[in-house]
Amino acid sequence: AFVTNLLRHPTFLNNEYSTRFIDETPELFDFPEQRDRATKILTYIADISVNGHPETLGRVTPKSDLKPPRCPELRSETPPPGTRQLLDEKGPKAVADWMKAQRQVLVTDTTMRDGHQSLLATRMRSIDMIRIARAYGANLPQLFSVECWGGATFDVAYRFLQECPWQRLRDIRAQMPNIMTQMLLRASNGVGYTNYPDNVVQSFVAQAAKSGVDVFRVFDSLNWVENMRVAMDAVIEAEKVCEGTICYTGDVLDPDRAKYDIKYYVGMARELEAAGAHVLGLKDMAGLMKPPAARALIAALKDAVGLPIHFHTHDTSGIAAASVLAAVEAGVDAVDAAMDAFSGATSQPCLGSIVAALAHTDRDTGLDIAAIREISNYWEAVRGQYAAFEAGLQAPASEVYLHEMPGGQFTNLKAQARSLGLEERWHEVAQAYADVNLMFGDIVKVTPSSKVVGDMALMMVSQNLTRAQVEDPKVDVSFPDSVIDMLSGNLGQPPGGFPDGIVKKVLKGKKPSTERPGKKLAPVDLNAVRAEAEAKLEVKLDDEDLNGYLMYPKVFSDYAERHKTYGPVRSLPTRTFFYGMEPGEEITAEIDPGKTLEIRLQAISETNDEGEAKVFFDLNGQPRTIRVPDRK
Ligand code: BTN
Ligand code: 3PY
Ligand code: ZN
């Protein structure tokens with residue numbers, strides 16, 4: 001192994017070594033660990049090749065003639081300075097001033113976060129993002145930001161992809177040093193589904209800033225600004241861009257939905273400005289903002305606050321690009337879009353088309369449409385690898401105006417409905433979702449409040465309960481835990497509070513809390529938790545690990561346990577990760593910069609009497625055999 005390391009070392013290969021090379025090159029000696037990690041990866045490949053991946057079994061398989069994703073040529077060797085340099089040199093307030101001073105519409109690319117969250121159940125792996133990040137920096141340096149972190153991507157990375165979300169962030173940041181990275185943060189709910197103690201939220205934000213997040217889009221799932229302050233203050237403290245965000249629901253032009261009228265949103269915008277936001281986010285998570293509403297609301301917000309406005313929407317209805325263009329006419333400063341191949345339906349509207357529509361106008365984005373096409377071609381090939389996770393909308397659906405489900409929830413809830421045998425009754429689920437919303441007092445529905453509404457809707461359809469029955473004090477109903485939790489006040493307060501009748505019924509007369517949930521949660525002793533978790537998992541936890549554990553103790557622990565067995569599987573090609581290898585196939589996996597494993601699967605034996613199969617590999621020229629249980 002030492003000789004292999006020596007012969008492969010770039011310094012040695014380039015004839016640049018001196019007599020002290022061996023003494024000065026400690027990595028020549030780390031073969032035991034490399035061998036260990038290689039064995040782990042081979043164990044993973046062997047297992048998946050024999051048994052299949054539990055997540056893709058029985059699902060659509062990628063086309064066999066799929067072309068591998070190819071990165072475009074870089075248009076510049078060193079990435080031209082962009083928004084990241086502005087933030088680092090002049091700070092977040094300067095970023096906000098610059099945004100307002102621009103005529104050009106600023107564009108955020110959401111492909112690496114909301115795009116795949118809304119189309120592929122959040123299953124995109126880090127390797128597919130990191131590979132293209134350099135091309136973003138070199139070829140699209142005018143982008144305002146790249147949304148690539150937070151929301152559901154955090155727990156899905158640990159839970160389903162067996163990889164570290166923090167490492168993803170650091171790697172994207174390193175490859176794309178000139179464009180601001182952006183994350184979605186659920187305020188006091190962090191990147192989870194529950195309200196965390198204040199110091200956990202603060203620690204998480206500080207770590208995210210340190211690991212590479214530049215823009216924090218902070219929202220609250222009930223639009224309660226009071227519950228956003230801890231997170232917003234932490235972002236401001238870290239000197240990153242605090243995008244204080246309004247979640248849009250209802251229809252500002254519909255007199256029957258007067259609860260969420262222009263006055264309501266203007267009031268919230270003023271509160272966010274007073275709370276110190278640098279940018280005002282307008283988050284239309286379900287894609288409800290029709291073009292005339294966008295025109296009216298954005299004009300009103302521009303009038304009311306001095307902050308630049310950043311508009312986010314979803315194309316579920318098929319009309320989102322028109323809303324974006326209406327927002328642009330009304331003077332919006334920045335908009336979100338997904339790269340063409342990851343756009344449309346429950347995702348964001350199409351980035352290339354928006355850029356083309358604005359070209360040669362006074363609000364031209366300045367983005368290179370050919371560069372966009374090339375990057376989108378890369379994404380097209382990437383998307384093909386994830387065919388198993390496509391669950392999408394076949395056509396635009398105005399039904400979204402009925403149910404108001406967030407784009408990121410839609411496919412998820414549909415899958416949940418399927419698993420309960422309710423697939424055929426999807427339109428009833430949609431109607432129930434709408435009914436539950438009104439029963440809860442017409443609330444904002446976005447993670448985590450959207451999950452609560454979804455849980456209740458599924459329960460009603462599966463038990464054939466109507467809204468009237470659920471509200472009837474004489475009908476006995478056993479409510480989902482998430483409903484009890486929300487109506488107890490544990491996610492905070494919606495505008496106007498929850499209706500008394502339903503609260504009484506759900507809580508059986510117990511008094512709900514109307515205080516900020518974080519106020520009564522004791523601070524967590526971070527060092528004690530770290531020591532405890534290290535002892536339990538028998539691994540050292542760095543600060544990133546600790547913050548992952550604090551958000552998701554069980555999910556992180558399971559990840560850490562699997563990591564001991566399977567090692568750095570993040571470095572495997574996506575096809576291998578989900579489908580294993582065929583005899584005769586060869587792949588490479590870069591487990592560390594410059595440390596590449598060349599893996600060839602030679603053969604798979606018959607399963608023996610003990611139920612084990614042998615998988616024969618060639619690893620960097622050496623034969624290796626791995627035995628795995630055949631669980632088929
Ligand atoms: C998951 O549990 O769904 C995702 C993580 C992968 C778990 C690995 S895949 C190989 C082995 N076989 C299993 O059934 N689980 C582990
Ligand atoms: C999330 O919180 O993950 C969302 O995408 C909300 O829209
Ligand atoms: Zn979204």
Side-chain angles (χ1 to χ4, degrees), residues 108-124 145-160 165 182-196 201 204 208 213 215-223 227-228 231 243 245-249 281-289 310-317 320-321 323-324 327 334-339 342-351 392-393 400 403-413 443-454 482 491-492 551-552:
T108 294
D109 178 346
T110 61
T111 309
M112 300 189 208
R113 205 285 298 176
D114 211 353
H116 72 103
Q117 181 172 329
S118 299
L119 295 175
L120 299 178
T122 329
R123 293 306 199 271
M124 196 194 287
S145 63
V146 169
E147 192 198 34
C148 56
W149 215 66
T153 65
F154 188 84
D155 70 289
V156 170
Y158 286 133
R159 200 192 297 264
F160 296 118
Q182 181 167 324
M183 83 165 288
L184 184 68
L185 181 66
R186 304 165 183 157
S188 286
N189 306 311
V191 286
Y193 296 83
T194 176
N195 206 295
Y196 294 93
V201 175
F204 187 87
V213 174
V215 181
F216 290 74
R217 175 171 288 159
V218 183
F219 73 95
D220 175 70
S221 83
L222 297 169
N223 265 355
N227 212 16
M228 296 170 67
E243 187 171 307
T245 296
I246 294 173
C247 297
Y248 180 81
T249 191
L282 185 55
K283 174 178 165 65
D284 178 19
M285 58 280 169
L288 303 177
M289 205 184 300
H310 192 168
F311 178 45
H312 171 87
T313 188
H314 287 253
D315 199 26
T316 315
S317 70
S323 299
V324 167
V335 299
D336 280 9
M339 276 294 166
F342 270 85
S343 73
T346 47
S347 177
Q348 274 64 66
C350 179
L351 194 146
L393 208 56
V400 71
H403 56 63
E404 304 190 333
M405 281 171 209
Q409 181 183 32
F410 187 92
T411 47
N412 229 306
L413 198 67
I443 60 172
V444 167
K445 293 160 295 298
V446 63
T447 319
S449 63
S450 53
K451 185 184 172 298
V452 181
V453 173
S482 64
L491 294 181
M551 281 288 133
Y552 286 100

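One-based numbering, in listed order, for ligands and for the atoms of each.
Ranking the protein heavy atoms by distance from atom 4 (C) of ligand 2 puts L184 CD2, 3.3 Å first. Regarding atom 7 (O) of ligand 2, its nearest protein heavy-atom neighbour is K283 NZ, 2.6 Å.
Interface atoms of ligand 2 facing A152, defined by a heavy-atom separation under 4.0 Å, are 3 (O). Counting atoms of ligand 2 from 1 in the listed order, those under 4.0 Å from a heavy atom of R113 are 3 (O), 4 (C), 5 (O). Atoms of ligand 2 lying under 4.0 Å from any heavy atom of G151, numbered from 1 in the order shown and given with element: 3 (O). The distance from ligand 2 to the heavy atoms of V446 drops below 4.0 Å at these ligand atoms: 6 (C), 7 (O). Which parts of ligand 2 touch M285 is read off a 4.0 Å heavy-atom cut-off, strictly below it: atoms 7 (O). If you number the atoms of ligand 2 from 1 as listed, the ones under 4.0 Å from a heavy atom of Q117 come out as 1 (C), 3 (O), 4 (C), 5 (O).
D114 has its closest N, O or S atom to the Zn ion (ligand 3) at the position named OD2.
Below 3.5 Å of separation, one finds an N or O of R186 facing an N or O of ligand 2.
Heavy-atom minimum distance, C247 versus V444: CB-CG1, 3.7 Å. The two residues H403 and K445 come nearest to each other via the heavy atoms O-CE, 4.1 Å. The two residues Y193 and P448 make their nearest non-hydrogen contact at O-CB, 3.5 Å. Closest approach of T245 to N223, counting heavy atoms only: O-OD1, 4.5 Å.
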Run the numbers on F219 and R186 for side chain to side chain contact (heavy atoms under 4.5 Å, CB included), then give the verdict. CA-CA 5 Å; F219 73 95; R186 304 165 183 157; 3.3 Å; yes
Give the intermediate values and the outcome of side chain to side chain contact (heavy atoms under 4.5 Å, CB included) for residues N227 and N195. CA-CA 9 Å; N227 212 16; N195 206 295; 3.1 Å; yes
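Salt bridge present: R217 and D336 bring a charged side-chain N and a carboxylate O closer than 4.0 Å.
Considering Q182, R113, H312, Q348 in turn, R113 is the only one that fulfils the side chain to side chain donor-acceptor pair (under 3.5 Å) rule with E147.
Neither the backbone nor the side chain of K445 has a heavy atom within less than 4.0 Å of ligand 2.
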